[in-house]
**Q** 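Structure below; questions to follow.
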Amino acid sequence: MFRETYRNVERVLRACTGEEDVGLAGGGDHADLASTVAFKLAKKRRLAPRQIAAELAERLRARPELGDIVVEAKGPYVNFHFGETYLREGVRRALSPGYGDLPPRSERVVLEHTSANPNGPLHVGHIRNTVIGDSLARAFRKAGYPLEVQYYLNDMGRQIAIVSWGFDHLGIGRHTGEKEDHYVARVYVAANRAIEENPEITEQIDRLMQRVERGDRETVQRFRTAVAMCTEGIKKTLAALNAHHDRFVWESDFIRIGDVDRVLDRVRRLPQAHEDDTLWVDLSEFGFEKKKYILRRSDGTSVYSTRDLAYHTWKARNCDWMIDVLGADHKLIGAQLIATLQLLGERPPEIVYFEFVSLPEGSMSTRAGKFVSADELIGEVTAKAFDEVTARRPELPEAERAAIARSVAIAAIRYDIVKISPEKSTVFDWREALDFERQSGPYIQYAHARACSILEKAGAFQETFEYRTEHEVALAKHLARFPAVIEQVVQELRPHLLAAYARELADLFNTFYHYDPVLQSAGVTRTSRLTLVRAVQNTLKEALETLGIDALRSM
RNA sequence: GGGUCUGUGGCUUAGCCAGGAUAGAGCGCCGGGCUUCUAACCCGGAUGUCGGGGGUUCGAAUCCCUCCAGGCCCGCCA
């Protein structure tokens with residue numbers, strides 16, 4: 001409802017002023033929408049802004065398209081106050097199943113996220129990628145796009161060679177019950193330590209990488225076994241986080257099917273390409289300081305960038321819009337990738353960067369074994385959530401409390417991550433991770449559960465739409481914005497906007513809940529409030545699910 | 001050194017790209033509210049040179065320049 005109303009007001013303002021940019025924005029406390037176009041017109045017409053605003057308001061009031069929207073000139077501002085039609089229609093729409101879904105689109109989107117190297121478990125830095133990526137994926141589906149989510153599996157990097165070497169030479173056994181990815185990390189850390197003590201091992205690692213590049217069956221098989229094992233563990237963590245990938249793309253496949261050779265042939269023909277013992281591209285015309293962007297080593301093997309180039313040309317063939325979610329450490333190589341794709345005449349991806357998550361003692365390192373794993377985080381938060389549920393709902397059977405605790409824990413973790421703007425670097429903090437109070441996922445889940453509880457107690461009722469109190473009105477107006485938020489998240493690739501929206505909706509509902517009794521009221525007030533509660537419940541459910549959080553009916 | 005992101009009350013943070021009306025929250029602190037629809041809640045209070053300085057503008061947290069501080073990057077690693 002907000003989107004349509006905004007466009008309507010904008011259209012009428014343009015018609016009345018002849019200006020393309022009518023300075024229309026949210027009016028804060030003053031209005032539902034406000035225009036600052038009078039400032040711009042003041043200059044052109046050499047009149048006082050307040051006089052122009054007053055005249056413009058007068059003309060706007062004569063326009064039938066605005067219906068019951070009240071126009072008011074307040075100083076230089078032209079304010080718009082939405083009427084009853086907006087409230088009724090806004091709430092009515094918010095009742096429909098799948099509220100917030102936008103009309104189907106035809107552009108196929110491929111979104112890549114997480115793609116952590118399979119040399120250990122996901123840690124609290126990786127899952128910032130997961131949570132941003134999976135929330136975006138859900139928003140894209142809600143916005144009507146056909147979408148495939150991919151995990152690019154690095155199965156032939158140096159790290160994997162190190163893991164494979166470790167398995168073959170260190171004889172490290174798997175502890176009983178040890179998760180696959182944690183086991184692989186233990187081998188990886190030990191192998192790195194061995195290399196530090198005996199640098200000659202590096203030559204063996206190099207040989208392994210050359211064999212894999214040549215397609216040596218046995219070495220490839222060993223790499224694959226290690227990667228597959230680690231990936232099993234990673235998939236379990238992703239599943240626990242409610243994050244889903246449609247496809248795992250193996251990096252080495254691009255060597256195997258010849259795409260890497262083909263892309264290297266094309267690179268070689270570029271005027272910016274140079275061949276000595278290596279093959280490199282001169283990207284200085286794009287303003288890169290470092291001249292050589294190497295795509296083939298002197299020993300003839302490809303580098304990560306080469307395979308990434310092949311991966312992206314393959315992706316581009318299968319979709320209309322590519323989105324990669326990457327850590328800020330990839331900014332330079334991401335820009336180099338895009339530049340090279342442009343030289344090749346290929347469509348580049350759009351890249352969503354997020355800044356680093358560090359520990360209070362410094363940055364994380366899988367190699368040094370210095371990280372907080374996502375599994376450990378989930379475990380601790382789930383344990384805390386179980387205690388909380390048990391304290392509040394001792395009467396519930398243990399299995400039910402455990403199920404609620406799992407949902408609450410994932411809500412807390414995902415929300416904590418998604419609510420922060422991606423460009424902000426953060427320091428992982430156990431105290432914050434274990435906080436289920438305001439501005440948290442559980443807080444929003446709780447608002448939803450309360451709404452469910454009211455509706456359950458109410459039984460059947462006739463939907464009516466009479467809204468008078470400030471809390472009813474504020475809530476109804478906020479409900480009407482939801483589809484606009486989904487649209488904005490997809491346009492700007494910023495899922496934290498949805499996190500803020502959901503929290504505000506919960507805030508408004510909690511205040512309403514406190515001041516305006518629902519079940520104890522009577523007549524049309526009661527049914528209208530029940531209708532509002534139903535709309536809030538439905539919208540909270542849609543918003544939570546788009547954030548990958550379970551909309552619990554009881555907690 | 002170069003590039004890039006960040007700097008908003010004690011702490012965490014929204015707003016910045018598309019400049020507008022008293023900078024919006026949470027935690028913590030102080031004070032209040034559960035025989036009343038689930039208190040994972042609500043209400044009130046104190047707390048801000050929007051990192052510093054310059055500029056553009058009728059108007060700057062928001063745009064430009066500069067300086068300061070911190071993160072990340074600058075491999076024939078991935």
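Naming: A, B, ... by sequence-line order, numbering from 1 per chain.
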**Q** Using a 4.0 Å heavy-atom cut-off across all strands, classify A:Ser554 as base, sugar-phosphate, or nothing.
**A** base
**Q** Taking the side chain of A:His30 as its heavy atoms from C-beta onward, which of B:rC41, B:rA21, B:rC37 lies nearest to it?
**A** B:rA21
**Q** So, is A:Ser440 close to the B:rG26 phosphate, meaning a side-chain N or O under 4.0 Å from OP1 or OP2?
**A** no
**Q** Determine the contact category for A:Val533: base if any of its heavy atoms lies under 4.0 Å from a base atom, sugar-phosphate if only primed atoms, P, OP1 or OP2 are that close, otherwise nothing.
**A** nothing
**Q** Show me, pair by pair, the donor-acceptor contacts under 3.5 angstrom made by side chains of residues 205-212 of chain A, not counting sequence neighbours?
**A**
{"from": "A:Asp206", "atom 1": "OD1", "to": "A:Arg158", "atom 2": "NH1", "distance (Å)": "3.1"}
{"from": "A:Asp206", "atom 1": "OD1", "to": "A:Arg158", "atom 2": "NH2", "distance (Å)": "2.6"}
{"from": "A:Gln210", "atom 1": "NE2", "to": "A:Asp299", "atom 2": "OD2", "distance (Å)": "3.0"}

**Q** Is A:Ala34 touching bases, backbone alone, or none of the nucleic acid, heavy atoms closer than 4.0 Å?
**A** base
**Q** Has the side chain of A:Glu492 got a donor or acceptor that lies under 3.5 Å from a partner of the other kind on the base of B:rA18?
**A** yes
**Q** Relative to A:Tyr513, does A:Arg450 satisfy both conditions: NZ or CZ under 6.0 angstrom from the six-membered ring centre, and within 45 degrees of the ring's axis?
**A** yes
**Q** Can you check the distance between B:rG26 and B:rG71, where both ends of the measurement are the C1' atom (answer in whole Å)?
**A** 24 Å
**Q** Return no unless some side-chain N or O of A:Arg297 is found under 4.0 Å from OP1 or OP2 of B:rA78.
**A** yes
**Q** Remember a base hit wins even if backbone is also touched, and classify A:Arg307 as base, sugar-phosphate or nothing at under 4.0 Å, heavy atoms.
**A** sugar-phosphate
**Q** Which one is paired to B:rC76, where only Watson-Crick or G-U wobble pairs with both distances under 3.5 angstrom count?
**A** none
**Q** According to the interplanar angle, ranging from 0 to 90°, do the rings of A:Phe254 and A:Tyr152 count as parallel (below 30°), tilted (30 to 60°) or perpendicular (above 60°)?
**A** tilted
**Q** Under 4.0 Å: is that the gap between some side-chain N or O of A:Lys43 and OP1 or OP2 of B:rC58?
**A** yes
**Q** May I ask you to say what A:Asp206 touches in the nucleic acid, namely base, sugar-phosphate or nothing, with a heavy-atom cut-off under 4.0 Å?
**A** nothing
**Q** Check this for me: does the side-chain of A:Asn119 come within 3.5 Å of the base of B:rA78 through a donor and an acceptor?
**A** no
**Q** Using the P atom on both, measure B:rU66 against B:rU4 and round to a whole Å.
**A** 11 Å
**Q** Any chance the side chains of A:Thr306 and A:Asp308 put a donor and an acceptor closer than 3.5 Å?
**A** no
**Q** Look at the side chain of A:Arg392 and decide which nucleotide, out of B:rC58, B:rC42, B:rA40, has an atom nearest to it.
**A** B:rA40
**Q** Looking at CD1 of A:Ile417 and OG of A:Ser135, how far apart are the two atoms once the value is rounded to the nearest 0.5 Å?
**A** 9.0 Å
**Q** Of all the nucleotides listed (B:rG71, B:rC72, B:rC76), which has the minimum atom distance to the side chain of A:Asp277?
**A** B:rC76
**Q** When both hydrogen-bonding distances must be under 3.5 Å and the geometry is Watson-Crick or G-U wobble, what is B:rU47 paired with, if anything?
**A** none
**Q** Is there a side-chain polar atom (N or O) of A:Thr301 under 4.0 Å from OP1 or OP2 of B:rC76?
**A** no
**Q** Which part of the nucleic acid, if any, lies within contact of A:Asp276, taking any heavy atom under 4.0 Å across all strands shown: a base, the sugar-phosphate backbone alone, or nothing?
**A** nothing
**Q** Tell me the partner of B:rU36, counting only Watson-Crick (N1-N3 plus N6-O4 or O6-N4) or G-U wobble (N1-O2 and O6-N3) with both under 3.5 Å; none if nothing fits.
**A** none
**Q** Checking all strands, does A:Val303 fall into the base, sugar-phosphate, or nothing category for heavy-atom contacts under 4.0 angstrom?
**A** sugar-phosphate
**Q** Ignoring hydrogens and angles, are the base of B:rG3 and the side chain of A:Glu289 linked by a donor-acceptor pair under 3.5 Å?
**A** no
**Q** Mark yes when over 12 heavy atoms from residues, nucleotides or ligands other than A:Arg481 sit less than 6.0 Å from its CZ; otherwise mark no.
**A** no
**Q** Taking 4.0 Å as the cut-off, does a side-chain nitrogen or oxygen of A:Tyr304 come that near to OP1 or OP2 on B:rC76?
**A** no
**Q** Which word best sums up how the rings of A:Trp280 and A:His274 line up, parallel for under 30°, tilted for 30 to 60°, or perpendicular for over 60°?
**A** parallel
**Q** Could you tell me how far B:rG52 sits from B:rG7 if I compare only their C1' atoms? Round to whole Å.
**A** 12 Å
**Q** A:His478: which residues meet the ring pair (Phe, Tyr, Trp, His ring centres under 6.0 Å) condition with it, sequence neighbours left out?
**A** A:Tyr501
**Q** Is there, by distance only and without an angle test, a donor paired with an acceptor across the side chain of A:Thr278 and the base of B:rC76 below 3.5 Å?
**A** no
**Q** Please state whether the phosphate of B:rC42, meaning OP1 or OP2, lies under 4.0 angstrom from any side-chain nitrogen or oxygen of A:Tyr443.
**A** yes
**Q** Contact class for A:Met209 vs. all strands (heavy atom < 4.0 Å): base, sugar-phosphate, or nothing?
**A** sugar-phosphate
**Q** Does either side chain, that of A:Asp259 or that of A:Tyr311, offer a donor lying less than 3.5 Å from an acceptor on the other one?
**A** no
**Q** Ignoring hydrogens, what is the shortest heavy-atom contact between A:Glu112 and A:Lys315? Give both atom names and the distance.
**A** OE1-NZ, 3.1 Å
**Q** Any base atoms under 4.0 Å from A:Tyr353, or only sugar-phosphate, or nothing? Heavy atoms, all strands.
**A** nothing
**Q** Each nucleotide N or O in nucleotides 9-15 of chain B that has a protein N or O under 3.5 Å away: list the pair and distance.
**A**
{"from": "B:rA14", "atom 1": "OP1", "to": "A:Ser421", "atom 2": "N", "distance (Å)": "3.1"}
{"from": "B:rA14", "atom 1": "OP1", "to": "A:Ser421", "atom 2": "OG", "distance (Å)": "2.3"}
{"from": "B:rA14", "atom 1": "OP2", "to": "A:Lys424", "atom 2": "NZ", "distance (Å)": "2.5"}
{"from": "B:rG15", "atom 1": "OP1", "to": "A:His496", "atom 2": "NE2", "distance (Å)": "3.0"}

**Q** In whole angstrom, give me the gap between the C1' atoms of B:rC64 and B:rC74.
**A** 27 Å
**Q** Does A:Asp29 reach a base, just sugar-phosphate, or nothing at all? Heavy atoms under 4.0 Å.
**A** base
**Q** For atom P, what is the distance between B:rA61 and B:rU8, given to the nearest Å?
**A** 15 Å
**Q** Mind checking the C1' distance from B:rU12 to B:rU47? Whole angstroms is fine.
**A** 15 Å
**Q** Using a 4.0 Å heavy-atom cut-off across all strands, classify A:Asp429 as base, sugar-phosphate, or nothing.
**A** nothing
**Q** Quiz question: going by heavy-atom distance under 3.5 Å, is there a donor-acceptor pair between the base of B:rC27 and the side chain of A:Asp435?
**A** no
**Q** Heavy atoms from C-beta onward define the side chain here; which of B:rA25, B:rC72, B:rA39 lies closest to that of A:Arg503?
**A** B:rA25
